[in-house]
Structures are given as structure tokens and as C-alpha cells.
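See structure below.
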2 protein chains.
Amino acid sequence: MQMSSNISIERKKVDCNALPKGWQREEVLRKSGISAGKVDVYYYSRAMRTDASLVPPIRQTASIFKQPVTVVRNHEWNKVKHDTKQVAQDKPKQLFWEKRLENMRACHATGEEFDDIVLPKSIKPLGPNIHEQTVMQSLATALHVLNTPVTGQTATKTEFQKNATAYINPDQPLMQGVLISEDDIRRQEDRVNLARRKLQEALKA
Amino acid sequence: MQMSSNISIERKKVDCNALPKGWQREEVLRKSGISAGKVDVYYYSRAMRTDASLVPPIRQTASIFKQPVTVVRNHEWNKVKHDTKQVAQDKPKQLFWEKRLENMRACHATGEEFDDIVLPKSIKPLGPNIHEQTVMQSLATALHVLNTPVTGQTATKTEFQKNATAYINPDQPLMQGVLISEDDIRRQEDRVNLARRKLQEALKA
DNA sequence: CGGAGTGCCTTA
DNA sequence: TAAGGCACTCCG
């Protein structure tokens with residue numbers, strides 16, 4: 001049986017010289033359960049996901065939704081166990097927040113601006129005055145933030161023109177629904193296989 | 001590389017006569033990787049953790065807590081996207097559900113009842129009319145269901161007598177807080193080492 | 001943090 | 001060399 005002599009060290013960030021510049025190693029001790037005492041190691045290049053600078057520019061004010069409330073008699077108020085699971089509620093989402101990025105361009109450290117990125121034809125913008133570069137930013141954010149599939153909006157173009165605010169799905173980027181066919185999958189498999197064969201041949205030489 | 005000629009047979013549970021009653025053998029075919037085609041054999045002695053019959057008798061009705069609600073104009077009601085993340089809320093926990101087990105006893109298949117189980121002296125019941133057999137059931141359920149440490153209630157006996165419902169921690173069994181000292185750990189290590197030595201000697205003979 | 005699933009060392 | 005068994009990774 002092993003026990004750490006210092007129980008307060010359960011998370012530590014390490015600047016590790018063996019790592020490429022800008023990478024960081026974090027060790028987190030598992031505190032409970034079957035696997036208590038094991039260590040999970042995480043590597044980060046640049047800022048973490050929770051970094052405020054990577055959060056899209058949605059409204060920052062507090063939630064207006066009602067929260068569950070427990071009423072207790074006065075002399076017991078400081079003994080009540082608060083159920084943290086119920087307190088955590090999502091903030092309301094700002095619709096069309098992508099518009100705030102509309103006139104901004106990414107640039108090199110030198111100040112030189114990047115060229116526009118060209119999206120595949122199957123990705124079509126959806127929404128009032130949403131054009132290619134805005135969908136690009138919307139889609140990139142969705143891929144970065146969502147931990148569910150990115151499929152686009154399900155409402156039709158007509159519905160969106162009638163009342164975009166009513167038909168928008170705020171979890172998905174501002175593009176028309178994208179369908180991946182069996183053929184698409186097969187084509188992608190072919191590309192991967194081709195790349196593998198090329199790699200094998202390169203390794204032989 | 002070996003592959004089964006019938007790809008649908010990649011997991012099979014077998015009632016094996018050579019096994020003691022109640023045991024089950026499962027064979028799982030490895031589907032990918034270097035060791036694809038190899039078979040892993042698992043033995044189970046009773047139901048798995050997810051078995052519904054093992055869930056303690058907590059209240060089964062729906063939540064009475066308020067849920068976030070979105071008001072929409074009438075002609076659009078069937079187009080609203082419901083945010084599933086917000087709908088999923090925990091059911092309220094039934095306090096003192098252990099009382100439902102109070103007059104029940106485990107028995108053999110023959111109908112013969114088990115003797116009462118005697119708990120260590122360090123485990124003390126806590127709560128209105130909670131006695132040894134009820135703590136036993138409360139504790140057994142906690143050990144089975146929790147994936148966090150089982151430590152007992154933190155409130156004092158006096159607080160519990162004053163207002164059990166206010167001071168109860170519903171995540172923990174109905175026993176007074178239990179402390180494991182370094183000495184307890186050392187004593188347990190000694191017991192394990194002794195048992196190992198006995199086993200070694202038995203294996204030599 | 002748990003569990004499914006795979007890597008790979010040990011044994012005979 | 002294969003089977004057994006444990007360590008480990010990966011992902012939800």
C-alpha cells in the first residue's frame with residue numbers, strides 16, 4: 001500500500017524540459033473510487049479549454065432562469081447541505097453571437113492578414129446576412145466547443161427567412177444541415193487507404 | 001490473424017457445468033489491434049452492477065422540482081428545440097428508504113432464514129429507530145452503489161435527535177461517522193500478510 | 001473516475 | 001508459441 005506523504009499535492013503543473021516549447025504537463029491524483037491513488041497525466045499546448053480567451057463572445061450576464069430553491073427555518077440555514085448538481089445551470093445562449101466576429105480577420109504575429117478560408121461546397125451558410133467567413137467562424141467554434149456531433153441547423157431556408165430567431169438551434173453552427181452519405185464515408189476510406197499505402201512505400205525506402 | 005467465420009459470434013455467455021452454481025463464463029473476441037482474434041474469458045458470480053434488481057427501493061415518481069420552461073407563440077410550439085441538457089435533473093432522494101427493508105430477512109432458496117449479521121463495534125446506528133440490521137442494509141447498499149468513500153453521517157447524535165431530516169446526508173448510510181486510523185490500516189496489513197503466509201505453506205504441502 | 005478493450009510480459 | 005493474466009489506454 002502506498003500513500004502520498006503530502007496529501008495537499010493532488011494537482012501539479014510541471015514545466016517539463018523534454019516537452020516541446022509551450023507544452024505543459026499536469027499530474028492529477030485520483031482521490032476516490034476503485035482507482036484511488038492512480039495518477040492521470042494531461043498535456044496542454046497553449047491555453048486550456050477553460051481559458052476565458054477561447055470562449056466565444058456570448059452574453060456574460062447571469063442566468064435569468066429560475067433556480068430550484070430550498071426553504072429552511074432560520075436557525076438552520078448554515079447547516080443545510082446544498083446539492084451542487086442542481087445549482088449548475090447553463091447560462092442563456094446569445095443568438096447570432098457570430099455577428100460580433102463579422103469584421104475581424106485572423107493575422108500573423110507580423111500583422112499580415114490570413115487569406116480567406118474556402119469551405120467545401122456542401123457547407124452552406126444559413127441566416128440573415130451570414131456569409132462564408134462567418135459560417136467558418138461559427139463552425140470552427142462548434143467543432144472546438146461541442147462534445148456532440150456538429151450537424152448544422154435542421155430548419156429549412158424558408159423557415160429561417162420567416163423567423164430565424166424562432167427556428168434557430170443555438171447549439172449548432174449557422175449552416176444548413178449536412179448529411180454524410182455512405183458514399184462519403186467510402187470515399188474517405190479510400191483516401192485513408194491510399195495515404196497508408198504511400199506511407200508504407202515511403203517507409204520501405 | 002484469425003477470424004471467426006461467423007462474425008455475429010463475438011460475445012457469448014456460457015453456463016458451464018464445471019463452474020460452481022451461480023457462476024457464468026463469458027468469451028469475448030478481440031476485434032482489432034495487434035491481438036485481434038484472441039479471446040478473453042471473463043467469469044461472473046452474480047449480477048453486474050447495472051442490474052435493475054439491485055437498485056435500492058427509492059421513490060420512483062417523477063421529480064417535483066421546477067424545470068426551466070420556454071414560452072413560445074402558439075403556432076410554433078411543435079418546432080421548439082428542447083435542450084436535453086437542461087431537462088436531465090436528478091430525482092429527489094427518498095430519505096430513510098431503509099425503513100422499507102426493516103421487516104425483511106434474506107433467506108436461502110429453501111426458505112430457511114439467515115442469521116442476523118453482527119457488525120463491528122465501531123459501526124454505530126444513527127437515526128430514529130435505526131437498529132443494527134437496518135444499518136447493515138444501509139451500509140451494504142452504500143458499498144454497492146457509491147463510487148465515493150463510505151464514511152457515514154457527519155452530524156452528531158444530538159443534532160440527529162433534534163431534526164434528523166435536516167441534518168441527514170442522504171448520500172451516506174445511517175451510521176455514525178467512521179474514522180480509519182493508521183493503526184487500523186497497519187492491523188489490516190498484518191492480517192493480510194498472515195493469511196498470505198498460511199496460503200504459501202498450504203501450497204507447499 | 002469507471003469500464004471496455006488492447007498491449008505485452010510470464011509461464012510452461 | 002500459445003494461453004493466461006495483469007497493466008494500461010482511451011473515452012464517455
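Reckoned from all heavy atoms, side chains included, excluding hydrogens, waters and symmetry mates. In what follows, every chain begins at residue 1, and chains take the letters A, B, ... in the order their sequences are listed.
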With 3.5 Å as the limit, what N/O pairs link the protein to nucleotides 6-12 of chain C?
residue, atom, partner, partner atom, Å
C:dT6, OP1, B:Ser32, N, 3.2
C:dT6, OP1, B:Ser32, OG, 2.8
C:dG7, OP1, B:Ile34, N, 3.1
C:dG7, OP2, B:Ile34, N, 3.1
C:dG7, OP2, B:Ser35, N, 3.0
C:dG7, OP2, B:Ser35, OG, 2.9
C:dG7, N7, B:Arg30, NH1, 2.8
C:dG7, O6, B:Arg30, NH2, 2.8
C:dC8, N4, B:Lys38, NZ, 3.3

**Q.** Contacts of type salt bridge (Lys or Arg N to Asp or Glu O under 4.0 Å), residue B:Asp116, not counting sequence neighbours
**A.** B:Arg105
Q: Taking side-chain contact (heavy atoms from CB on, under 4.5 Å) as the test, write out the residues that go with B:Val150, two or more places apart.
A: B:Leu139, B:Ala142, B:Leu143, B:Leu146, B:Gln172, B:Pro173, B:Met175
**Q.** Results of ring pair (Phe, Tyr, Trp, His ring centres under 6.0 Å) for B:Tyr43 - residues two or more places apart only
**A.** none
Q | Pairing residues for A:Arg191 by the side chain to side chain donor-acceptor pair (under 3.5 Å) criterion, not counting sequence neighbours | A | A:Gln188
Q: For residues 111-137 of chain B, pull every pair meeting ring-ring contact (aromatic ring centres under 6.0 Å, His included), keeping only residues two or more places apart or in separate chains.
A: B:His108-B:Phe114
Q: Identify, with sequence neighbours excluded, every residue that meets salt bridge (Lys or Arg N to Asp or Glu O under 4.0 Å) alongside B:Asp115.
A: none
Q: Please list, in 5' to 3' order, the outermost nucleotides of DNA chain D lying under 4.0 Å from any heavy atom of chain B.
A: D:dG4 to D:dG5
Q) What residues form a salt bridge (Lys or Arg N to Asp or Glu O under 4.0 Å) with A:Glu102, not counting sequence neighbours? A) A:Lys99
